[in-house]
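These numbers come from the heavy atoms of this one structure, side chains and all, not from hydrogens, waters or symmetry mates. Protein chains get the first letters and strands the later ones, always in sequence-line order, with residue 1 at the start of each.
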2 protein chains.
Amino acid sequence: MGTTAPAQMGESRERILHTAEHLFNERGYASVTLRDIADALGIRQASLYYHFPGGKEALFVEVCEKSLDRHRTGLEEAIRGASSEPRDQLRAAACFILSQSVPDMGRMAHSDMPEIAEEHAQRLMQMAFDSLLRPIAGIFQRAYDSGLSHSPETILLAGAFISVIASIHHLPAQFTRQPRSAMADTLIDVFLYGLTSR
Amino acid sequence: MGTTAPAQMGESRERILHTAEHLFNERGYASVTLRDIADALGIRQASLYYHFPGGKEALFVEVCEKSLDRHRTGLEEAIRGASSEPRDQLRAAACFILSQSVPDMGRMAHSDMPEIAEEHAQRLMQMAFDSLLRPIAGIFQRAYDSGLSHSPETILLAGAFISVIASIHHLPAQFTRQPRSAMADTLIDVFLYGLTSR
DNA sequence: GTCTATACACTGATAGAC
DNA sequence: GTCTATCAGTGTATAGAC
């Protein structure tokens, strides 16, 4: 404790990252300009270069890294905090994803990545795999090992699961009468027990 | 038979639409420039304005309209051509979607639409609903009416289904050992019977 | 740390020759 | 129908004052 000055070290940097993440996540890399970000922060576009000398791409890369790392940590924690029931683990994972900025893997892979240097793109895609697909795939792997699931296609299932949860976020607002979490529960039960069960 | 000249009426216009659709679908509205499209066609950027006086936005809107209309027709046809089994209808729908440019509803709603005039955006989103969600929701509605499905959330299910099929297209290529159609079949069975069945 | 000013490239769009 | 030429607007990025 003590002075606030050292505590504010990098504070505006974090503010920039936070605002940029929000905008990038909303409209994608190409559509968001540095002026959009600066305007949202109430500063001038050129001022961003003091905190991010690497410019727009460096800012975007760091935003993605931070976001993906938070997803990996949060997902692993949510899953670990749930019971051994795959259903509980999937609900915890879905709840965390919906509480965060929902990752749009389609746009990321096919719109954003082609705009940045290939080395950066490859590393980010690898991070996305490790941070999003792998933790979810782990749930399906354990369910398979314990005989509860009959499909060994854990990566395929993880991608489908994340897309399903994200689709809740894409639905036209007029069709969302129930809360998001209830829709997630509905879809998770479809995933586990099928539409035809009971 | 006859002269080829009249038959070529609007031929280059169709060529432009085709190329533009491919590029827009690949990287999204903002990332694709008119020069990208012109280069791919081997013509000059200004020449596009002869066929599309409305410029980039008009071209994009017509590309989307054509694509969505083709999806509506194709989906309705594929579903009608299948048996009365929901499983067959879903497989036919998935097969058609994968045979086409896979629609990225997330990017469309959150990246592309904010870039164009709101009137155009609203009409296109309505078309997307009618052309993509509604035909699929019909399958789930009939399955529900016949007692085969126990969920009345047909729109939610349709959005989830399309996202799942699209997720096949987003999967990193190194994890696709089986053909796309086989992955679609796997996921459809999960959708209908659940992971825990059998 | 933030500002102003500006360089430079790119993009959409228009005018007019052929 | 396609071209060249050109313009205004916008976007990233840099230099330097404060």
Side-chain angles (χ1 to χ4, degrees), chain A residues 3-21 23-24 26-64 111-118 120-121, chain B residues 3-21 23-24 26-64 111-118 120-121:
Chain A
T3 68
T4 49
Q8 286 172 346
M9 157 76 171
E11 184 212 5
S12 50
R13 201 187 141 87
E14 294 305 317
R15 241 170 55 92
I16 293 172
L17 281 168
H18 185 262
T19 302
E21 177 175 350
L23 289 171
F24 281 137
E26 194 88 355
R27 311 201 312 264
Y29 180 72
S31 298
V32 175
T33 71
L34 290 182
R35 278 185 181 82
D36 291 335
I37 300 172
D39 287 351
L41 288 162
I43 64 174
R44 296 293 178 170
Q45 170 254 150
S47 304
L48 293 172
Y49 284 85
Y50 173 79
H51 300 279
F52 296 90
K56 185 184 184 183
E57 183 163 333
L59 173 55
F60 178 71
V61 168
E62 190 165 332
V63 160
C64 287
S111 294
D112 295 343
M113 292 303 109
E115 299 282 310
I116 67 178
E118 200 178 328
H120 289 156
Chain B
T3 65
T4 49
Q8 286 171 346
M9 158 75 172
E11 184 211 7
S12 50
R13 201 186 139 88
E14 294 304 318
R15 243 170 53 92
I16 293 173
L17 281 168
H18 186 262
T19 302
E21 176 176 351
L23 289 171
F24 281 138
E26 193 89 355
R27 311 202 312 265
Y29 180 71
S31 298
V32 175
T33 71
L34 290 181
R35 279 183 179 80
D36 291 335
I37 300 171
D39 287 350
L41 287 163
I43 62 174
R44 297 292 179 172
Q45 170 254 150
S47 304
L48 293 172
Y49 284 85
Y50 173 80
H51 300 279
F52 296 90
K56 185 184 185 183
E57 183 162 331
L59 174 55
F60 178 71
V61 168
E62 189 164 334
V63 160
C64 287
S111 294
D112 294 343
M113 292 304 109
E115 298 282 308
I116 67 178
E118 200 178 328
H120 290 156

Checklist entry - Are A:Arg13 and A:Glu62 side-chain neighbours, meaning at least one heavy-atom pair lies under 4.5 Å? => result yes
Checklist entry - In whole Å, what is the span from the CG atom of A:Leu59 to the P atom of D:dA13? => result 10 Å
Item to check | Distance in angstrom units between A:Lys56 NZ and C:dA9 P, rounded | outcome: 18 Å
Next on the checklist: Measure CG/B:Asp36 against P/C:dT11 and give the value in whole Å, please.
Outcome noted: 7 Å
Checklist outcome for this item: By side-chain contact (heavy atoms from CB on, under 4.5 Å), B:Ala40 pairs with (sequence neighbours left out) B:Thr19, B:Leu23
Checklist entry - Among the nucleotides D:dG1, C:dA13, C:dG1, which one has an atom lying closest to any side-chain atom of B:Arg35? => result C:dA13
Checklist entry - Does a side-chain N or O from A:Tyr49 land closer than 4.0 Å to OP1 or OP2 of D:dA13, or not? => result yes
Checklist entry - With sequence neighbours left out, which residue pairs that include part of residues 26-37 of chain B fulfil the salt bridge (Lys or Arg N to Asp or Glu O under 4.0 Å) condition? => result B:Arg27-B:Asp36
Item to check | Nearest-angstrom distance from the residue atom OH of A:Tyr29 to C1' of D:dG11 | outcome: 11 Å
Checklist entry - Where along residues 38-48 of chain B does a heavy atom fall under 4.0 Å from DNA chain C? => result B:Gln45, B:Ala46
Checklist entry - Starting at CD1 of B:Ile37 and ending at C1' of C:dA13, how long is that distance when rounded to a whole Å? => result 14 Å
Checklist entry - Can you pull the salt bridge (Lys or Arg N to Asp or Glu O under 4.0 Å) pairs that have at least one residue in residues 44-59 of chain A, sequence neighbours excluded? => result none
Checklist entry - Which pairs with one or both residues in residues 41-60 of chain B pass ring pair (Phe, Tyr, Trp, His ring centres under 6.0 Å), sequence neighbours excluded? => result B:Phe24-B:Phe60, B:Tyr29-B:Phe60
Item to check | Separation of D:dT12 C1' from A:His51 NE2 (nearest whole Å) | outcome: 18 Å
Next on the checklist: Looking only at the side chain of A:Leu34 (C-beta and beyond, no hydrogens), which of the listed nucleotides D:dT2, C:dG12, D:dT12 gets closest?
Outcome noted: D:dT12
Checklist outcome for this item: B:Glu115 meets the side-chain hydrogen bond (donor to acceptor under 3.5 Å, both in side chains) criterion, sequence neighbours left out, with A:Ser31
Checklist entry - Taking atom C1' of C:dA15 as reference, at what distance in whole Å does atom OH of B:Tyr50 sit? => result 16 Å
